[in-house]
Structures are given as structure tokens and as C-alpha cells.
Asker: 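The structure follows.
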Amino acid sequence: MGRNIGHYGTMAANHPRLLKPSFFARPTLTVARELLGQLLVHESKRGIIVGKIVETEGYLADDPACHAFKGPTPRCAVMFGPPGYSYVYFTYGMYHCFNVITEQKGVAGAVLVRAVEPVEGVKTIMKNFKAWPKNMNTSDPQRLASGPGKLCVAYGFDRSHNALPVSKGSPIRILEGPTVPPRDRVIATRIGITQNANAPYRFYIKAHPSVSKTGPAPARQFP
DNA sequence: AGGGGGATCAACT
DNA sequence: GTTGATCCCCCTA
């Protein structure tokens, strides 16, 4: 924990192991599962931020918990667009949530990135927390982005980051990260929703300190 | 034009 | 387990 795993910020500029739009043009739950361990990069004005994705949730077109369930609205329109774009929305009066669009163009779907382990740019993350109006717990560097709201504070994401490509040439990119051993990848029910709450659409790295919380349902391993 | 609800977080009982 | 902070979104009328 807290080990230096390399200069991902420099690599992020033009490293070949960058997830391409084709990665996201697949079933939402497949993408949610395979995003575990990958590296979310934000090349922001304050500095570059890199974090290892440790927790995701899928949101599907036929899923009552999904913003796109009842069809396109101005807010969720990007969910019906091409895969590999960001979907950032505002919630609870002060927080944002960051998603990546999945499925083929015309089919709604997204993966909510709920938590990352900070890998690079902790100083920049701390600047973002200092600029945040509400008091947040920043004592544990492993838990600076241990939830979807905190993640957006840490990365400096807001609605200006909605509908941006998550790919080469964009300030937001996802790099291939270290492979997560299958026994450490678990599936469970989602958090903080009431609609379709029993759907096992949440994925996280077992016992990882940066995961938001264990959740109500017993998590099981998936192949 | 009005109002209920929300993919959150931290503090409190 | 419950509650306050805080405001945009979307449905209803």
C-alpha cells in the first residue's frame, strides 16, 4: 500500500496501452467487470491525477435504477450516444458522479466509477479538496476517492466534464492497469439506490481499502 | 409553477 | 440506523 508503482502520469500522455472506444462498445456488465484494476487519468489544470479503479456499477437500459430507463432526457442524453464518452451528473445538491458510456450507439448503458486507489497526483487531489466547500475527511490517502462523490471532488470533475470522450487526445483517459487476480474480484448489489436494488451489478476488489463499503448483500466471486 | 426525490457524505444517536 | 446540507432534474398540472 502506498508503494510507488511508476510514472503513470508521464505514460498517460501517449502510452499505447490506452483503452480504446471498442473496449466500451460491449455489454455494460462486462465493461464494469473489466474496468477493475484499470487506471483512470485526469489531466487537469491543477495537475495530472491517476487512480486504480477498485469499484464500479453497471446501469442498463432496462434497469429502473438507470437514468435512461424512461428514455432520453436532456441530462442523460449522452447515455444513448456512442460508447467511450463521459457521463457526469450532479446529485444531492453538491456532488457529482462520473460514468463511462457503454454499449453500441443508440443503446443506453453506463458504468459508474465508484472508487479508485490514488496512484499519482495526491498533491493535486489535496488541492481539489482544499477548494471544496464542505469538510471532507482527507486523513487517509487510500480513501481520498473511496466513493463516487469523493472521486469527483478528488479528480475535479463537474458538469463541464460531461459528454467528453474518454480516449486518446482527451484530458480524461483510462489506461490498462495491473491485472486483478480473479479471486479478488467480487460481485454484489449496488449501493444507495432503491429501484432494482437486488440486481448484482456492482463489482469491486475484495478487501481493498479504497472501496466505499462492503454493502448489504454477500459478495460472491465471479469467474 | 410547484414539489418530491436523488447512483452522497459525514456526523450523530 | 438516522439526519442535515444543498440544488438540479423531471413529472405533474
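Everything numeric in this text was worked out from a predicted model, so none of it was measured.
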Asker: With sugar-phosphate meaning primed atoms plus P, OP1 and OP2, does Asn135(A) contact a base, only sugar-phosphate, or nothing at under 4.0 Å between heavy atoms?
Answerer: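 Asn135(A): backbone/sugar contact only, no base atoms under 4.0 Å.
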Asker: Heavy atoms within less than 4.0 Å of DNA chain C: which residues of residues 143-158 of chain A have one? Give them sorted by number.
Answerer: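 Within this stretch, nothing sits under 4.0 Å of the strand.
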Asker: Return no unless some side-chain N or O of Arg202(A) is found under 4.0 Å from OP1 or OP2 of dA7(B).
Answerer: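 Checking Arg202(A) against dA7(B): no side-chain N or O falls below 4.0 Å of OP1 or OP2.
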Asker: Calculate the interatomic distance between Trp132(A) atom CH2 and dA10(B) atom P; express it in whole Å.
Answerer: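 From Trp132(A) CH2 to dA10(B) P: 11 Å.
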Asker: Just by protein heavy atoms under 4.0 Å, how would nucleotides 1-13 of chain C read 5' to 3' in B, S and -?
Answerer: ---BBBBSSS---
Asker: Can you find a side-chain donor-acceptor pair between Asn137(A) and Arg143(A) that sits under 3.5 Å?
Answerer: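 There is no such pair (donor and acceptor under 3.5 Å, judged by atom type) between the side chains of Asn137(A) and Arg143(A).
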Asker: Rounding to a whole Å, what distance do you find between Asn162(A):CG and dA7(B):P?
Answerer: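 About 15 Å, once rounded to whole Å.
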Asker: Please round to the nearest 0.5 Å and tell me the distance separating atom NZ of Lys130(A) and atom OG1 of Thr138(A).
Answerer: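 Lys130(A) NZ to Thr138(A) OG1: 7.5 Å, rounded to 0.5 Å.
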Asker: Does the gap between the ring centers of His161(A) and His96(A) come in under 6.0 Å?
Answerer: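 Centroid distance His161(A)-His96(A): not below 6.0 Å, so no.
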Asker: How are the rings of Phe157(A) and His42(A) set relative to one another: parallel (under 30°), tilted (30 to 60°) or perpendicular (over 60°)?
Answerer: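 Phe157(A) and His42(A): tilted rings.
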Asker: Starting at the 5' end of DNA chain B, write a dot or bracket for each base, bracketing those in Watson-Crick or G-U wobble pairs whose two distances are under 3.5 Å and using | for partners on another strand.
Answerer: ||||||.|||||.
Asker: Which pair of non-hydrogen atoms, one from Ile53(A) and one from Ile205(A), has the smallest distance, and what is that distance?
Answerer: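 For Ile53(A) and Ile205(A), the tightest heavy-atom pair comes out as O-CD1, 3.9 Å.
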Asker: Of all heavy-atom pairs between Phe98(A) and Val88(A), which one has the smallest distance, and what is that distance?
Answerer: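 Smallest interatomic distance, heavy atoms only, reads CD1-CG2, 3.7 Å.
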Asker: Calculate the interatomic distance between Lys213(A) atom NZ and dA10(B) atom P; express it in whole Å.
Answerer: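 In whole Å, dA10(B) P and Lys213(A) NZ are 11 Å from each other.
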Asker: Quote, to the nearest angstrom, the P distance that separates dG5(B) from dT3(C).
Answerer: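 Taking atom P in both dG5(B) and dT3(C), they lie 15 Å apart.
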Asker: Base, sugar-phosphate, or nothing: which does Ser212(A) touch, judged by heavy atoms less than 4.0 Å apart?
Answerer: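 No contact at all - Ser212(A) keeps every heavy atom at 4.0 Å or more from the nucleic acid.
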Asker: Give the table of side-chain donor-acceptor pairs shorter than 3.5 Å for residues 18-25 of chain A, with sequence neighbours excluded, one pair per line with atom names and distance.
Answerer:
none

Asker: Quick check on side chain to side chain contact (heavy atoms under 4.5 Å, CB included): which of Ile191(A), Asn99(A), Val113(A) does Glu57(A) satisfy it with?
Answerer: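 That would be Ile191(A); it is the only one of Ile191(A), Asn99(A), Val113(A) passing the side chain to side chain contact (heavy atoms under 4.5 Å, CB included) with Glu57(A).
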Asker: Provide, to the nearest angstrom, the distance between the CG atom belonging to Asn99(A) and the C1' atom belonging to dT8(B).
Answerer: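 The distance from CG of Asn99(A) to C1' of dT8(B) comes to 14 Å, rounded to the nearest Å.
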Asker: Roughly how far apart are Leu40(A) CG and Ile172(A) CD1, rounded to 0.5 Å?
Answerer: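 Here the rounded value is 7.5 Å.
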Asker: Return the stacking result for dA7(B) and Tyr59(A): yes when the ring centres lie under 5.5 Å apart and the planes under 30°, no otherwise.
Answerer: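 Answer is yes, a stack.
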Asker: For residues 70-79 of chain A, dump all side-chain donor-acceptor pairs below 3.5 Å to protein atoms at least two apart in sequence or in another chain.
Answerer:
unit_1   : atom_1 : unit_2   : atom_2 : d
Thr73(A) : OG1    : Cys76(A) : N      : 3.4

Asker: Hey, what else clusters with Leu112(A) if you join Ile, Leu, Val, Met, Phe, Trp, Tyr whenever side-chain heavy atoms sit under 4.5 Å?
Answerer: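 So far as hydrophobic clustering goes, Leu112(A) is joined with Tyr59(A), Ile193(A).
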Asker: Could you state the atom-to-atom distance from NE2 of His96(A) to P of dT8(B) in whole Å?
Answerer: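 After rounding, the reported distance stands at 14 Å.
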